[in-house]
Peer 1: 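Starting off with a structure, shown below.
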Amino acid sequence: MPTEMDPRLNPNSIEPPLYSRWMEAGEFSVDPASVLEGGRDPFVIVIPPPNVTAVLHMGHGLNNTIQDVLIRWRRMQGKASLWAPGTDHAGIATQNVVERLIAKEGKTREDLGREAFVDRTWEFVRETGGAILDQLKAIGCTCDWDRTRFTLDPGLSRAVREVFVRLYQKGLIYRGEYIINWCPRCLTALSNEEAEGDEVEGRLYHLRYPLAPEMTDAAASAFDGVQAAAEAIGQLPDGRWYLTVSTTRPETMLGDTAVAVNPADDRYKSLIGGEVDLPLTGRRIPIIADEYVDREFGTGMVKVTPAHDPNDFEMAQRSGVPPLDVMTPEAVMSENAPEAFQGMDRFDARKAVVKAFQEEGLFGGEDPHTHNIPRCYRCDTVVEPRLSEQWFVKMKPLAEPALKASQDGTVTFVPDRWKKVYEHWMENIRDWCISRQLWWGHRIPVWYCQGCGETIVAREDPDSCRSCGSDDLQQDPDVLDTWFSSWLWPFSIFGWPENTEDLKAFYPGHVLSTAPEILFFWVARMIMAGYEFMGEAPFSTVYLHATVRDTKGRKMSKSLGNGIDPLEVVDQFGADALRFTVISAAAVGTDIQLNPDDLEASFAPGRNFANKVWNAGRFTLMTVGDDPIRPLSEVRDDLELSDRWILSRLSVTAESLTQELEKFRLHDVAEKAYHFFWGELADWYLELVKPRLREDADARSREAARTTLVLAFDGILRLLHPITPFVTEELWQKLPWPAGSPRPESLISAQWPVKDPALEDQEAEAQLGAVQDLITQVRSLRKEYGVPEGAEVDVVLTGAPTSFKNALASEDSSIRRLARVGSLTMESSLNEGGAGAHGVLRNGTELFLPLEGVIDLEKERVRLSEEIERLAGQLKGVRAKLQNENFVSRAPAEVVERERNKESNFQEQMTKLQEKLKVFQGP
RNA sequence: GGGCGCUUAGCUCAGUUGGUUUAGAGCGCCUGCCUUACAAGCAGGAGGUCACUGGUUCGAAUCCAGUAGCGCCCACCA
């Protein structure tokens, strides 16, 4: 019963029951048969699977609200709207979590052993994993939960193996020894994308390498060449010659196996082919020539550390210099390093190496140097480039169709500037390192025969070697990069490689909404996999949403502790408030800022709006009552100007919102729905219609008003439903329905409002707009002239167009009531006499409010005079200041400027007041 | 170093192909209202030389060039 409705919306009491109701009604589940046989258009979004151990943060809150808005909207349009949910096993992240867990028991994963550790992780995932999906329900997400998938599910694992084998057989997966990004804490390889740069103010150290004694002549001539330039080449006190190389990582010099110069560098031509005595190591290493060396940088001579630097590795490959790995996986100096440094952490070794150079008189100084240091995206440890054997995917062939898809518009990006970013990456794509030295993940489906050394790549675990028959097979210990399963997500979740009904009905999907950070990690690779394995892109639109930041503009993150818990927001303000706030804050292409220290300030707009909807609903239900309303066709002739106006506005708004949704301009959807609802329906229509809804009102007028109000309210509830699903459903369920026609649908989602040309009425919009203008102006003038709240004023209009006169007649009582107008009269020319207020409407009508007898003119005269006097005083002060030459010449320019502004402002106000005073003094 | 983007009210931001907006909204601020849907509200109001400089145009917040500041992405010259 409407009368029982709370004057304030209490989201916590309505949201959970509504969600259950939707679930029970099977709202979210979509049957492939409805597409394949029923002919319904599908609309498919696959969720970016959150990490299985993740807890909901505002980034999820935003992204999943966006997806839910799109899914609900398409569902209302009658599409087979499917949102497929699931979670990602998140190799490193999850393994780290479990390792930390067992660390509390004083154990390491090695203590448990691989199998037990993996079991333990599964146990952890089964118990606590996927909680984030339940959290999504709290914000109203309507995923088809029956289809929940996990990237380590048997089905998805099968897809992973299938893909690995196919790519291997095609020659697109290979194994090789390369420099990769290595995390010495996680003890695994990282892809390029997983090593994130971090600009720091570091140091560039200059190291002197003595030249071999037989190089003396060459050194001397080179010395002449550089003309003792800087420190490039020189002589030590003991007579030996040296050359200088620079590095930001001195400890790596222990692994140097060459020094390189540019072959075209005339200065050092005589040195090429020579040797230097590498300090601290007792090793003698060659001087090689390589185009890579930049003659302009530093001395133009580079130390070459093939095992610890990707560029050095490539140079070494070209010239046949061997690599020397001087670190352990933990980035501790290994037995390949000189004894004095063995066992030292890389950063301690750095200091020790510098110190040793100083002691040997070989230190050439250091300079500040800004450069990027790559860090592990999971644990923030400084990444160590490391030589190791890994599995790679050859990306160039895969990238071709994916690049073309962007270029020809098959896949579009919102906002479209990401198109360029995507294409640039695709054009410069590098091979993907897919092996990880972890235990948690898809084991690489490769076995090595211990008998004959054969490498076996297979879909099913083999029992014995194909070539020698030995059953002594050892599986590759590594697992695959997490993204190697998630790049298959849009089709693996539907049962690929089987050609299932789901796959036929729901691939390709339509929209992919995600954070820009994972454009390369995931989105680009999904598009590549889509083409490679399904022959077409997995979706047609990529929506890259805003980044959620705090008030200082910092990205919200766990480590900064500046996050907002969406569940806390739901608890305090409701899911509708959360959703409305983030959608209206997230204009395409801009970030959103929220204040983690003041949730009230951040989410009040959404909360207030939901409450406004609630109260307008409360009013509607209370005044319309329980009696059935008449269908529009029956009251059509009784519609009044304001009725025609609001119905026209509804139709226009429905059309406009639909267009904005099609363009993914969700911010504008929220803004326009807000404006229609609050600024037009609540502020104007409800106020205009109030008297007509009273029991004692004219019956025909009342029925027209009831029908119009219910229709308009029904329409805006539906339009708002994708954004604020709960409050709209709750109210819609209570709305009365036309007599004789049973409620056609049980849930609000069954229909999306569309434009109705029969309701659009430009004349009504223009005329009611003018009525609003009049009311607003009268109110404004009343305030300006201090007309007491309760007093009525008369209004005289001149030059009103005929159509406006009709509008005035039909809304006469509204105008009197809303603007407290006594008599409203029309005159052919304005009465010049008498004290009063003047105004002009936008349609050209002039208005005059006689104020004699309404306000105390004498009092107003006195008030104005006093104000003028006060202003005159201030003006005098400012002028005196400006006439003071000392002030003008000595004060800062902006202060003088400010004073001048003050002067003109005062002058302006003065003129205004004087004119007003004239009116009150009569002719 | 290369690429991209941003700079509009005290704050957070809109402003969709240059022209009906007097450059808008929310929050904040000022004034008056507990008017029987809503004080999480109503009515009215103050506040902006649209970063700067120059150009194109009948007309520029909007297009072009340059300058300054900020941010992001890519590549890593050791």
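Each chain gets a letter, A, B and so on, in the order the sequences are listed, and its residues count up from 1. Side chains included, hydrogens not; waters and symmetry mates left out as well; all remaining heavy atoms used.
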Peer 1: Taking only residues two or more places apart in sequence, or in another chain, which ones meet A/Phe363 in a side-chain contact (heavy atoms from CB on, under 4.5 Å)?
Peer 2: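 side-chain contact (heavy atoms from CB on, under 4.5 Å) check on A/Phe363 returns A/Tyr205, A/Leu207, A/Val354, A/Phe357, A/Gln358, A/Glu366.
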
Peer 1: Suppose you measure atom P in B/U20 against the same atom in B/G66; what distance do you get, rounded to whole Å?
Peer 2: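 The answer is 29 Å between these two P atoms.
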
Peer 1: Who passes ring-ring contact (aromatic ring centres under 6.0 Å, His included) against A/Tyr377, sequence neighbours left out?
Peer 2: A/Phe521

Peer 1: Expressed in whole Å, how much space separates the C1' atoms belonging to B/U17 and B/C73?
Peer 2: 28 Å

Peer 1: What orientation do A/Phe677 and A/Phe609 show, parallel under 30°, tilted 30 to 60°, or perpendicular over 60°?
Peer 2: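 Ring orientation of A/Phe677 relative to A/Phe609: perpendicular.
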
Peer 1: For A/Tyr268 and A/Asn262, which I'm curious about, is there any donor-acceptor pair between the side chains at under 3.5 Å?
Peer 2: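 Note: A/Tyr268 and A/Asn262 side chains miss the donor-acceptor criterion.
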
Peer 1: Who are the ring-ring contact (aromatic ring centres under 6.0 Å, His included) partners of A/Phe313, not counting sequence neighbours?
Peer 2: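 Expected list: none.
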
Peer 1: Among pairs that include at least one residue of residues 310-319 of chain A, which meet side-chain hydrogen bond (donor to acceptor under 3.5 Å, both in side chains), considering only residues two or more places apart or in two chains?
Peer 2: A/Asp290-A/Arg318, A/Tyr292-A/Asn311

Peer 1: Does the cation-pi check pass for A/Lys690 over A/Phe619, that is, NZ or CZ under 6.0 Å from the six-membered ring centre and within 45° of its axis?
Peer 2: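 Output yes; distance and angle both within limits.
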
Peer 1: What string of B, S and - do you get for nucleotides 69-78 of chain B, 5' to 3', when a contact is any protein heavy atom under 4.0 Å?
Peer 2: ----SSBBBB

Peer 1: What contact category does A/Thr776 fall into here, base, sugar-phosphate, or nothing, at under 4.0 angstrom with non-hydrogen atoms?
Peer 2: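 Contact class for A/Thr776: sugar-phosphate only.
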
Peer 1: List in chain and number order the residues that pass side-chain contact (heavy atoms from CB on, under 4.5 Å) with A/Asp773, two or more places apart in sequence or in another chain; answer none if no residue qualifies.
Peer 2: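 With sequence neighbours excluded, A/Asp773 shows a side-chain contact (heavy atoms from CB on, under 4.5 Å) to A/Gln777, A/Leu841, A/Arg842, given in chain and number order.
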
Peer 1: How would nucleotides 22-42 of chain B be written as a contact map, 5' to 3', with B for base contact, S for sugar-phosphate-only contact and - for no contact, using protein heavy atoms under 4.0 Å?
Peer 2: ----S-----B----BB-BSS

Peer 1: Can you tell me which residue pairs pass the side-chain hydrogen bond (donor to acceptor under 3.5 Å, both in side chains) test with a partner in residues 596-610 of chain A, sequence neighbours excluded?
Peer 2: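 Only A/Glu600-A/Arg607 qualify under side-chain hydrogen bond (donor to acceptor under 3.5 Å, both in side chains).
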
Peer 1: Would you please say whether a donor-acceptor pair under 3.5 Å links the side chains of A/Thr244 and A/His206?
Peer 2: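 Their side chains do not contain a donor-acceptor pair, so the 3.5 Å distance test is not met.
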
Peer 1: Just to verify, what does A/Glu792 make a side-chain contact (heavy atoms from CB on, under 4.5 Å) with, not counting sequence neighbours?
Peer 2: none

Peer 1: State the dot-bracket string of RNA chain B. Criteria: Watson-Crick or G-U wobble, both atom distances under 3.5 angstrom; notation: ( ) intrastrand, [ ] crossing earlier pairs, | interstrand, . unpaired.
Peer 2: (((((((..((((.....[....)))).(((((.......))))).....(((((..]....))))))))))))....

Peer 1: Applying side-chain contact (heavy atoms from CB on, under 4.5 Å), can you list everything that pairs with A/Arg549, at least two apart in sequence or on another chain?
Peer 2: A/Thr547, A/Lys555, A/Asp591, A/Gln593

Peer 1: Check nucleotides 15-21 of chain B against the protein and report each pair of N or O atoms closer than 3.5 Å, with its distance, or say if there are none.
Peer 2:
from	atom 1	to	atom 2	distance (Å)
B/G15	OP1	A/Arg665	NH2	3.0
B/U16	O2	A/Arg665	NE	3.2

Peer 1: Please verify the inter-ring angle class for A/His369 with A/Phe297; under 30° counts as parallel, over 60° as perpendicular, anything in between as tilted.
Peer 2: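 Taking A/Phe297 first and then A/His369, their aromatic rings stand perpendicular (interplane angle over 60°).
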
